[in-house]
Amino acid sequence: MILKDFYYAYIDCLNRRAWDELGLYVAENARHNGRPFGLSGYRSMLIQDVENIPNLTFVVDRLVCEPPLIAARLMFNCSPKGEFLGLQINGRHISFAENVFYEVNDGKITHVLSVIDKAAIEAQIAE
């Protein structure tokens, strides 16, 4: 498996909202920021994200693959409907980055460590 191809297919799955295909990429025992989400919890998190941010699109800005790890910087330009990360966005357009590390075992994502650049969002809504 070429991790770069795997990752772009995963991002495509997210952007198509192909939630029934998520199990091709995410393990049943997946963890997100140390929490044992599992595939169903991971799917629920993504569905909630899209419900709160209808125009959410995952754009890969940087990508490094060193098996079994993937490191990515994702860019977002979107308009959350209400509160996002404890901030009142209320439909305003914001841009921000997410830095994320994935661990892939047996062909599926098992661990995700993610940090969103909240300071960038705070600066935008303070303007």
Side-chain angles (χ1 to χ4, degrees):
M1 167 184 55
I2 298 172
L3 280 184
K4 178 182 172 185
D5 295 340
F6 168 84
Y7 188 69
Y8 278 108
Y10 163 73
I11 292 296
D12 179 63
C13 173
L14 301 183
N15 285 333
R16 289 184 295 113
R17 316 296 196 241
W19 310 129
D20 57 331
E21 296 175 22
L22 196 58
L24 297 173
Y25 306 99
V26 177
E28 287 290 336
N29 63 343
R31 298 178 69 82
H32 182 269
N33 285 345
R35 297 172 294 183
F37 265 25
L39 174 58
S40 63
Y42 198 82
R43 181 183 292 120
S44 294
M45 175 186 68
L46 290 166
I47 290 170
Q48 185 67 50
D49 288 346
V50 170
E51 185 175 306
N52 294 335
I53 311 170
N55 63 342
L56 184 67
T57 301
F58 296 78
V59 177
V60 179
D61 179 56
R62 303 273 195 276
L63 180 64
V64 177
C65 300
E66 182 69 37
L69 301 177
I70 297 171
R73 181 173 193 248
L74 302 174
M75 296 302 299
F76 299 94
N77 293 295
C78 58
S79 306
K81 291 194 290 190
E83 186 177 292
F84 179 64
L85 300 176
L87 304 171
Q88 291 301 319
I89 306 300
N90 300 321
R92 287 181 281 184
H93 181 83
I94 57 173
S95 299
F96 61 93
E98 176 183 18
N99 296 303
V100 60
F101 288 89
Y102 305 84
E103 185 173 337
V104 178
N105 293 293
D106 297 323
K108 295 187 180 184
I109 295 167
T110 56
H111 294 87
V112 180
L113 298 171
S114 165
V115 177
I116 292 175
D117 185 358
K118 186 176 177 181
I121 300 169
E122 291 169 333
Q124 291 169 66
I125 65 173
E127 296 174 350

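Scope of the values below: all heavy atoms of this structure, side chains included, with no hydrogens, waters or symmetry mates.
Put simply, CG on Asn99 and CD1 on Ile116 are 10.0 Å apart, with the number rounded to the nearest 0.5 Å. Interatomic distance, CD1 of Ile121 versus CG of Leu85, reported as 5.0 Å (0.5 Å rounding). A distance of 10.5 Å separates CG in Leu56 from OG in Ser79, rounded to the nearest 0.5 Å. Within the model, atoms CG of Leu14 and OG1 of Thr57 stand 10.5 Å from one another, a figure rounded to the nearest 0.5 Å. Note that the CG atom of Asp12 and the OH atom of Tyr7 stand 12.5 Å from one another [nearest 0.5 Å]. Taking CG of Leu22 as the start and CD1 of Ile109 as the end, the distance is 8.0 Å to the nearest 0.5 Å.
Listed by chain and residue number, Glu98 satisfy the side-chain hydrogen bond (donor to acceptor under 3.5 Å, both in side chains) test with Ser114 (two or more places apart in sequence, or in another chain). For Asp61, the side-chain hydrogen bond (donor to acceptor under 3.5 Å, both in side chains) test picks out Arg73, with sequence neighbours left out. Among residues two or more places apart in sequence or in another chain, the salt bridge (charged side-chain N to carboxylate O under 4.0 Å, His left out) test is passed with Glu21 by Arg16. In this view, Phe84 and Phe96 satisfy the ring pair (Phe, Tyr, Trp, His ring centres under 6.0 Å) rule, not counting sequence neighbours. Checked against side-chain contact (heavy atoms from CB on, under 4.5 Å), Ile47 has the following partners two or more places apart in sequence or in another chain: Trp19, Arg43. Partners of Thr110 by side-chain hydrogen bond (donor to acceptor under 3.5 Å, both in side chains), not counting sequence neighbours, listed by chain and number: Asn105. Residues that satisfy the side-chain hydrogen bond (donor to acceptor under 3.5 Å, both in side chains) test with Ser95, not counting sequence neighbours, are Asn77. Taking the side-chain contact (heavy atoms from CB on, under 4.5 Å) definition, one finds that Glu51 meets it with Gln48, Lys81, sequence neighbours left out.
Of the possible donor and acceptor atoms, none in the side chain of Arg17 sits under 3.5 Å from a partner among the backbone N and O of Cys13. With Lys108 contributing its side chain and Gly23 its backbone, the two residues share a donor-acceptor pair below 3.5 Å.
Taking both residues in full, the closest heavy atoms of Lys4 and Leu63 are given as CG-CD2, 4.0 Å, listed atom of the first, atom of the second, then distance. The shortest non-hydrogen separation linking Pro67 to Leu3 is CA-CD1, 3.7 Å.
Under the 4.5 Å side-chain criterion, counting only non-hydrogen atoms from C-beta, Leu74 is not in contact with Val59.
Residue pairs satisfying the side-chain hydrogen bond (donor to acceptor under 3.5 Å, both in side chains) criterion with at least one member in residues 22-33, sequence neighbours excluded, are listed as follows: His32-Arg35. Applying the ring pair (Phe, Tyr, Trp, His ring centres under 6.0 Å) test to every pair with at least one member in residues 103-124, sequence neighbours left out, gives no pairs at all. Residue pairs meeting the ring pair (Phe, Tyr, Trp, His ring centres under 6.0 Å) criterion with at least one member in residues 39-62, sequence neighbours excluded, are Phe58-Phe76.
In the hydrophobic clustering, Leu113 connects to Phe101, either directly or through intervening members, whenever side-chain heavy atoms lie under 4.5 Å apart.
Under the 4.5 Å side-chain heavy-atom criterion for grouping Ile, Leu, Val, Met, Phe, Trp and Tyr, Tyr8 is connected to Tyr10 within one hydrophobic cluster.
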